[in-house]
Visitor: 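One structure is given below, represented as structure tokens, and several questions about it will come after.
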Amino acid sequence: MADVSEYEYDLLVIGAGSGGVRAARMAAATGAKVAIAEDRYLGGTCVNVGCVPKKLYSYAAHFHDSFDDAAGFGWQLPGPASFDWATLRDNKISEIKRLNGIYQRMLEGAGVTLFNARARLADAHTVTLSGEHGDISVTAQKIVLATGGWPWVPDFPGSEHALDSNQIFDLDTFPKRFLVLGGGYIAVEFSSIFNGLGSETHLIYRGELFLKGFDQQVREFTCAEMARKGVNLHFNTNIERIEPGQDGYNVHLTNGDVLEVDVVLAATGRKANIRDLGLEALGLSLDDTGKIPINERFETALPSVLALGDLITGPELTPVALAEAMQLVDIHFADTVPQPLDYSTIPTAVFCHPNIGTVGLSEEAAREKFTDIRVYSTDFRAMKHTLSGSQERTLMKLVVDDATDVVVGAHMVGDDAGEIIQGIAIAVRAGLTKQDFDRTVGIHPTGAEEFVTLRTLTRR
Ligand code: NDP
């Protein structure tokens with residue numbers, strides 16, 4: 001590392017979300033003098049208005065099915081189960097506060113200086129921090145931009161009445177009628193959550209079928225299961241306008257339908273959160289995809305300014321930001337040359353109901369990439385539902401490159417799909433073959449054992 005004495009810090013991180021906090025802590029652990037600036041909550045989107053509260057709400061929504069399922073196992077409830085939104089919301093708020101405290105203590109414990117301030121780049125090594133005590137300038141040898149993304153809502157008449165994912169968690173009143181616009185992760189997750197919690201739920205998606213980019217069979221299967229659970233799916237349509245009604249909102253769709261609902265959530269994607277960061281003045285701009293261009297060392301066009309996570313190209317996922325933070329620190333503070341991150345085998349879960357877990361290539365992508373593929377898939381009613389009476393089904397699927405026998409994709413829709421695919425992801429990442437899967441002994445009785453007992457070829 002160059003002479004650091006001319007700067008106050010070796011590293012200044014802007015943004016205390018998943019990636020920023022990890023970069024700050026790991027850099028400090030190498031002996032670097034590190035500061036982090038954050039003007040909102042510690043933990044960023046994931047902890048405060050993303051993964052964590054979403055998963056808690058998803059658990060809450062799953063109880064709906066559990067109460068129904070219990071009867072077949074002999075359980076009788078004293079009366080119909082009822083749901084209290086305020087209890088869930090307020091318990092969630094307490095839990096997030098606890099996590100914010102843990103993040104603060106983790107940073108303090110690592111010796112990282114925390115500035116509760118808004119940061120703006122002044123030059124390649126200087127950041128202006130605006131906090132309650134006015135503006136100060138701080139210099140650093142390296143600056144990491146880790147400000148993540150921010151929800152984006154399209155412009156249409158009445159779009160100001162739509163909430164975004166930052167605003168949906170702390171509603172004062174539970175929406176009896178809920179509508180979400182979009183067909184990505186957030187739309188399918190929140191329609192499942194509010195449907196499970198008891199709202200009349202509508203999902204509006206402009207395309208043929210939601211979850212673009214996912215395996216087609218997974219998309220179709222999820223669509224059927226979500227519809228069975230009661231989510232009203234409206235495809236090939238969009239919101240034309242939202243008008244306040246007597247009681248809630250009248251949402252006019254481009255297909256002519258009008259839906260009366262209490263809350264509209266726009267889940268229409270996120271954009272890099274770079275407002276007022278001072279990038280333009282320093283000649284740093286976004287590329288055509290709306291991301292900050294970097295090289296393999298996470299360096300922007302200004303080599304002292306680095307960027308990671310949702311600001312750069314790649315899946316907008318917490319574990320990806322964490323992995324990038326570790327790489328960045330290895331490169332810049334530990335002087336090691338880590339193996340580049342393998343973006344092709346990043347597993348992901350969508351916490352719609354039932355959950356989706358997936359790693360590697362979809363069947364469609366594999367067909368494009370390889371001359372011949374083999375597909376093994378099964379769909380079945382899980383053992384639990386023999387007694388519960390639920391008609392819910394589970395899908396499991398392996399996609400294999402025929403020439404090498406390597407499993408290039410694994411997909412699941414069903415209970416705990418994320419938990420199961422996390423393990424399968426190690427095998428796919430390691431490039432194991434279908435024969436390796438076949439030679440692995442199952443765990444009985446589980447649903448997951450299907451992944452090692454898929455013997456019948458479904459199609460080529
Ligand atoms: P996504 O990018 O996943 O989906 C956005 C959706 O909005 C798409 O279906 C898109 O349609 C639609 N859309 C875009 N523009 C318009 C428009 N003008 N009018 C109507 N519809 C529009 O974004 P999300 O907001 O759902 O989530 C953001 C990101 O956060 C995700 O991509 C994911 O990386 C991350 N995330 C991860 C989660 C997880 O790991 N479980 C959970 C939640 C979020 P089209 O498909 O036609 O482009």
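As the structure lists them, so they are numbered: ligands from 1, and atoms in each ligand from 1. Excluded from the calculations below are hydrogen atoms, water molecules and symmetry mates; all remaining heavy atoms, backbone and side chain alike, are included.
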Visitor: Using ring pair (Phe, Tyr, Trp, His ring centres under 6.0 Å) as the criterion, list what pairs up with F235, not counting sequence neighbours.
Guide: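 Scan of F235 (ring pair (Phe, Tyr, Trp, His ring centres under 6.0 Å), adjacent residues dropped) gives F210.
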
Visitor: When you measure from the side chain of N48 to the backbone N and O of T45, does any donor-acceptor pair fall under 3.5 Å?
Guide: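 No.
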
Visitor: Taking the side chain as every heavy atom from C-beta outward, state whether R381 and Q391 have any pair of such atoms under 4.5 Å apart.
Guide: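 A side-chain contact exists here, since the closest heavy-atom pair is under 4.5 Å.
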
Visitor: What do you reckon, does G182 have a nitrogen or oxygen under 3.5 Å from a nitrogen or oxygen of ligand 1?
Guide: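 There is no such contact.
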
Visitor: Could you see which bit of S165 sits under 4.0 Å from ligand 1, with heavy atoms only: side chain, backbone, both or neither?
Guide: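 Neither part.
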
Visitor: Judged by modelled atom types alone, do S66 and D69 share a side-chain donor-acceptor pair under 3.5 Å?
Guide: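 No donor-acceptor contact under 3.5 Å links the two side chains.
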
Visitor: Counting non-hydrogen protein atoms only, what is the nearest one to atom 19 (N) of ligand 1? Give residue, atom name and distance.
Guide: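 For atom 19 (N) of ligand 1, the nearest protein heavy atom is N238 ND2, 3.3 Å.
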
Visitor: In terms of atom number and element, which parts of ligand 1 are under 4.0 angstrom from non-hydrogen atoms of E316?
Guide: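 It comes down to these atoms of ligand 1: 29 (C), 33 (C), 34 (O), 35 (C).
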
Visitor: Any idea which protein heavy atom is nearest atom 7 (O) of ligand 1, and the distance to it?
Guide: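 Looking only at protein heavy atoms, the one closest to atom 7 (O) of ligand 1 is T268 CA, 3.2 Å.
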
Visitor: Can you tell me if K229 and H353 form a side-chain donor-acceptor pair at under 3.5 Å?
Guide: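 No, H353 and K229 have no side-chain donor paired with an acceptor closer than 3.5 Å.
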
Visitor: Which is it for Y205 and ligand 1 at heavy atoms under 4.0 Å: side chain, backbone, both or neither?
Guide: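 Side chain only.
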
Visitor: May I ask you to list the atoms of ligand 1 that are less than 4.0 angstrom from any heavy atom of G183?
Guide: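 Within the 4.0 Å cut-off of G183, ligand 1 contributes 6 (C), 8 (C), 9 (O).
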
Visitor: Should you measure from each heavy atom of K54, which atoms of ligand 1 turn up under 4.0 Å away?
Guide: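 Going through ligand 1 atom by atom, the ones under 4.0 Å from K54 are 41 (N), 42 (C).
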
Visitor: Which residue and non-hydrogen atom of the protein lie closest to atom 32 (O) of ligand 1, and at what distance in Å?
Guide: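 Going atom by atom, the protein heavy atom closest to atom 32 (O) of ligand 1 ends up being Y185 CD1, 3.8 Å.
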
Visitor: Check whether any side-chain heavy atom of E364 sits under 4.5 Å from a side-chain heavy atom of R367, and report yes or no.
Guide: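 The answer is no; the side chains never approach within 4.5 Å.
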
Visitor: Using the test ring pair (Phe, Tyr, Trp, His ring centres under 6.0 Å), find all partners of F178 that sit at least two apart in sequence or belong to another chain.
Guide: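 F194.
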
Visitor: Which residue and non-hydrogen atom of the protein lie closest to atom 6 (C) of ligand 1, and at what distance in Å?
Guide: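 Here the closest protein heavy atom is A267 O, 3.6 Å.
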
Visitor: Which residue supplies the protein heavy atom nearest to atom 26 (O) of ligand 1, what is that atom called, and how far is it?
Guide: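 Its nearest protein heavy-atom neighbour is I186 N, 2.9 Å.
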
Visitor: Considering only the protein, which heavy-atom contact is closest to atom 14 (C) of ligand 1, and what is its distance?
Guide: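 Protein heavy atom at minimum distance: R206 NH2, 3.5 Å.
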
Visitor: Give the single entry among L317, T254, V180, V153 that approaches atom 40 (O) of ligand 1 most closely by any heavy atom.
Guide: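 Among L317, T254, V180, V153, the closest heavy atom to atom 40 (O) of ligand 1 comes from L317.
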
Visitor: What residue and heavy atom of the protein are closest to atom 2 (O) of ligand 1, and at what distance?
Guide: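 Protein heavy atom at minimum distance: G269 CA, 4.1 Å.
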
Visitor: Give a yes or no on whether the backbone of G148 and the side-chain of N273 come within a donor-acceptor separation of less than 3.5 Å.
Guide: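 Checked: no pair found.
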
Visitor: Could you say whether the N/O atoms of L181 and ligand 1 ever approach to under 3.5 Å?
Guide: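 No, since none of the N or O atoms of L181 sits under 3.5 Å from an N or O of ligand 1.
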
Visitor: Is a donor from one side chain sitting under 3.5 angstrom from an acceptor on the other, for T348 and Y185?
Guide: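 Yes, side-chain donor-acceptor contact under 3.5 Å.
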
Visitor: Does the residue G207 have a heavy-atom contact with ligand 1, meaning some pair of atoms that are separated by less than 4.0 Å?
Guide: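 Under 4.0 Å: no for G207.
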
Visitor: For atom 1 (P) of ligand 1, tell me which residue out of G184, C46, G149, G418 has the closest non-hydrogen atom.
Guide: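 Considering heavy atoms of G184, C46, G149, G418, the nearest to atom 1 (P) of ligand 1 sits in G184.
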
Visitor: Heavy-atom distance under 4.5 Å between the side chains of E392 and D65, does that happen here?
Guide: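 Yes, their side chains come closer than 4.5 Å.
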
Visitor: Taking both backbone and side-chain atoms of T348, is any N or O found less than 3.5 Å from an N or O belonging to ligand 1?
Guide: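 No, there is no polar N/O contact under 3.5 Å.
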
Visitor: Decide whether a cation-pi geometry holds between K434 and Y376; the criteria are a distance under 6.0 Å from NZ or CZ to the six-membered ring centre and an angle within 45° of the ring axis.
Guide: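 That pair qualifies as a cation-pi contact.
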
Visitor: Check each atom of ligand 1 against the heavy atoms of W152 and keep those under 4.0 Å away; list them by number with element.
Guide: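 Answer for ligand 1: 15 (N), 18 (N).
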
Visitor: Check ligand 1 against P154 and write out every atom of the ligand that is under 4.0 Å from a heavy-atom position of the residue.
Guide: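 Matching atoms, with element in brackets: 17 (C), 18 (N).
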
Visitor: Heavy atom of P315 under 4.0 Å from ligand 1?
Guide: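 No, P315 has no heavy atoms under 4.0 Å from ligand 1.
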
Visitor: What part of I239 sits under 4.0 Å from ligand 1 if we count only heavy atoms: the side chain, the backbone, both or neither?
Guide: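 Contact part for I239 vs ligand 1: neither.
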
Visitor: Quick one: are R89 and D170 in side-chain contact, heavy atoms under 4.5 Å?
Guide: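 They are in contact (side-chain heavy atoms under 4.5 Å apart), so the answer is yes.
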
Visitor: Testing the basics here: between A81 and F67, what is the closest heavy-atom pair and its distance to 0.1 Å?
Guide: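 Between these two residues, the closest heavy atoms are CB-CD1, 3.7 Å.
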
Visitor: Can you say whether the rings of H202 and H234 are parallel (under 30°), tilted (30 to 60°) or perpendicular (over 60°)?
Guide: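 Aromatic pair H202/H234 classed tilted.
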
Visitor: Do R270 and ligand 1 have an N or O pair less than 3.5 Å apart?
Guide: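 N/O-N/O distance below 3.5 Å does not exist for this pair.
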
